[in-house]
Engineer: 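Let me begin by handing over the structure; questions about it come next.
Quick note on labels: first sequence line is chain A, next is B, and so on, each numbered from 1. The structure presented is a predicted model; accordingly, all values stated were derived computationally and were not measured. For the numbers below, each heavy atom of this structure counts, side chains included, while hydrogens, waters and symmetry mates do not.
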Protein chains: 2
Amino acid sequence: MGTPDHGDIVVGLNAVIVTVTNEEPRVLIVQEPDAPSGDVLPFGLFDPIKDRTLEEGLRSWVVQQTDLEVGYVEQLYTFGNSGRDPRERNSGQRFISVGYLALVRDAATATRGTWRSWYEYFPWEDWREGRPGILDAEILPALGSWVEDTPDAYLRAVREERLALAFGVESGAWTEDHVLDRFELLYEAGIVSEAVRDARNDDVTAPGLTPGKPMGFDHRRILATGMGRLRGKIQYRPVIFELMPAEFTLFQLQCAAEGLAGLRLHKQNFRRLVERGGLVEETGRMEASRPGRPAKLFRFRRNVLRERPTPAVTLPRGG
Amino acid sequence: MGTPDHGDIVVGLNAVIVTVTNEEPRVLIVQEPDAPSGDVLPFGLFDPIKDRTLEEGLRSWVVQQTDLEVGYVEQLYTFGNSGRDPRERNSGQRFISVGYLALVRDAATATRGTWRSWYEYFPWEDWREGRPGILDAEILPALGSWVEDTPDAYLRAVREERLALAFGVESGAWTEDHVLDRFELLYEAGIVSEAVRDARNDDVTAPGLTPGKPMGFDHRRILATGMGRLRGKIQYRPVIFELMPAEFTLFQLQCAAEGLAGLRLHKQNFRRLVERGGLVEETGRMEASRPGRPAKLFRFRRNVLRERPTPAVTLPRGG
DNA sequence: TTAGTTATACTCATATTGAGCATTTAAATA
DNA sequence: TATTTAAATGCTCAATATGAGTATAACTAA
């Protein structure tokens, strides 16, 4: 990497590794002793000599660090903002962070790190038990006055529109995949503690309100990107099956979809869509007995990929 | 940047700058004297000292190089494959290229570069005059035998599935936004001349078949990414209006959508969707007279953003 | 005045979606 | 063994959206 003189670029690879256990979407978190403020995602540096591609680099140190064999991997976004990574301050290096989303079926195999529900970091994203109270109690008032207090009229209008779009203020429609838009508003408004941490000058006033658990570096932003991408993608690609065991009941599938989307779905309509869409086929086996009528076990019909242009689970809302 | 010793990382920012003129989607191409093989996109290096963010860096040298004020900008993808950028071979540096999509309304203001139809580089992507002949005459046979000739059975199955998905071989469905998937297949199969150029060892046999105009570096891949992203995005965000003048007829809007998607659309249904979706409003003015009934002029209804979760033009196929 | 050309309005069968009620099959309990 | 309870599964029905037209209106050019 050479001596770190001013102007050196360091490429960090960050992984949002997702699994679903007990109907709860979880991300792999590693404990970094020197993490300045909060949990961090697994990350490593891109080695320009050894790694042939970014994704290869990512895969190699994920295996090395966690012993996880990740299957599905997808690039998320490349962030290069100065000031959002505290490591830059002392080293004179410039951190570019490339985020990746990885999906694993079997959480058990990770030898390092812990799996945490992603809603610990984003409590306002979980609508499964109804509209989260924190939205109307804290977040929207704070964002509202942030918009109100914007001096410049044009900028105020822009922010107002962003707020309306991201949180469905005027339309009443919550779009579950706009996770990043919502987080960026909270960050810019100084309502998450990372914003306070990163503020060098005092243009950010800490409002004593920091919903959700903070993360180190810009990792909560990367997690938001991954959540949004995954929530969007399950609606047009069958990625959800990357998170399911080989055999599953339709209700387990629905719970996984609900967990990821943070919504309750209409059970009968969900079944209809999945079955009629040709996404699954019966295995002939039944679920081990529990109270109630036993459920048939299904498997993913891989052939659906060749048959339909958009083979995915759409999300019929409503409990 | 320091002396280029082995292991240095250089971040290149590449812009797919798109406009629509005469119903044709065009990209800004610059003439590089040292471009090894073909046209290139505008690109510049990220300056880790001056540029606060990647996007800011991009905007600054786009203005500097072309005098274009780009409005809408969106990051596409970060490529880091070694071997796909010929500059790496001599310099000992590692090139990471971050692609961006930028949309401009008024092509006239560019002071450098030329606007070229993106279908010059991707002739198989233009279905407006029906299914392109090159597909059945050249591309699909070549891809077919590439798959057939794959020795490893598992890899062959994977490739077969990718081919089926990307080109709609089995489903018969052409998904217009899978531009990158299709290009990557052509590249891996050695059917585009960039693949032949990049091949160090002889695992790629030049088949004497190189559809579409090649580009320098990995720029055709970046363009493919931009085309696919834009084609996908017009269906759920009103980005198409970033490419339209302030006032336009519904037919002009349709032609723009058709040009971008590379499809013919059903006129009456297109109107219905756009009008009922609340995307536009009448200005009261009419188009300057041409043969036929004069058309009403419309403008984008910006307020639709606050009202609807997915304000966009869906694409009703069929001429 | 008429033909040509394009915009716009309207229709209609079919598919998809949202919402709910009804039935089946098991375990748990009396 | 009969009854209750908890699911899974099956079915209906209205509302809406979509695909594919036909019909009419408003202009220009000859």
Engineer: Calculate the interatomic distance between B:Gln254 atom CD and C:dA7 atom P; express it in whole Å.
Structural biologist: 9 Å
Engineer: When the ring planes of B:Phe122 and B:Phe183 are compared, do they come out parallel, tilted or perpendicular, using 30° and 60° as the limits?
Structural biologist: perpendicular
Engineer: Rounded to whole angstroms, how far apart are CG on B:Leu250 and P on C:dA7?
Structural biologist: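 Atom CG in B:Leu250 sits about 9 Å away from atom P in C:dA7.
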Engineer: Can any side-chain N or O of A:Arg285 pair as donor or acceptor with the backbone N or O of A:Leu297 at less than 3.5 Å?
Structural biologist: no
Engineer: With a 3.5 Å distance limit and no angle check, can you tell me whether B:Arg299 reaches the backbone of B:Ala246 through a side-chain donor-acceptor pair?
Structural biologist: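 It does not hold such a pair.
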Engineer: Whole-Å distance between C:dA7 P and B:Phe248 CZ?
Structural biologist: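 Rounding to the nearest Å, CZ of B:Phe248 and P of C:dA7 are 14 Å apart.
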Engineer: Examine the base of C:dT24 for any acceptor or donor lying under 3.5 Å from a partner atom in the side chain of A:Arg293, and report the outcome as yes or no.
Structural biologist: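 Pair found.
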Engineer: Please identify each residue that fulfils side-chain hydrogen bond (donor to acceptor under 3.5 Å, both in side chains) with B:Glu160, with sequence neighbours left out.
Structural biologist: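 Applying side-chain hydrogen bond (donor to acceptor under 3.5 Å, both in side chains) to B:Glu160 gives none.
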Engineer: Can you list the steps and then say if A:Trp118 with A:Val16 is a side chain to side chain contact (heavy atoms under 4.5 Å, CB included)?
Structural biologist: CA-CA 10 Å; A:Trp118 71 25; A:Val16 178; 5.7 Å; no
Engineer: May I ask you to list the residues of residues 264-279 of chain B, by number, that have any heavy atom positioned under 4.0 Å from an atom of DNA chain D?
Structural biologist: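 Result for residues 264-279 of chain B: B:His266, B:Gln268, B:Asn269, B:Arg272, B:Leu273, B:Arg276, sorted by number.
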Engineer: Using heavy-atom distances to pick each residue's nearest nucleotide on DNA chain D, tell me which of A:Glu287 and B:Pro294 is more 5'.
Structural biologist: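 This one resolves to A:Glu287.
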Engineer: How many whole angstroms separate atom CG of B:Leu297 from atom P of D:dA26?
Structural biologist: 17 Å
Engineer: When the distance from CE of B:Met286 to C1' of D:dA25 is rounded to whole Å, what number comes out?
Structural biologist: 11 Å
Engineer: Check the orientation of B:Phe167 and B:Trp174. Use parallel for under 30°, tilted for 30 to 60°, and perpendicular for over 60°.
Structural biologist: perpendicular
Engineer: Using atom NZ of B:Lys296 as one end and atom C1' of C:dT8 as the other, report the distance to the nearest whole Å.
Structural biologist: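 About 7 Å, once rounded to whole Å.
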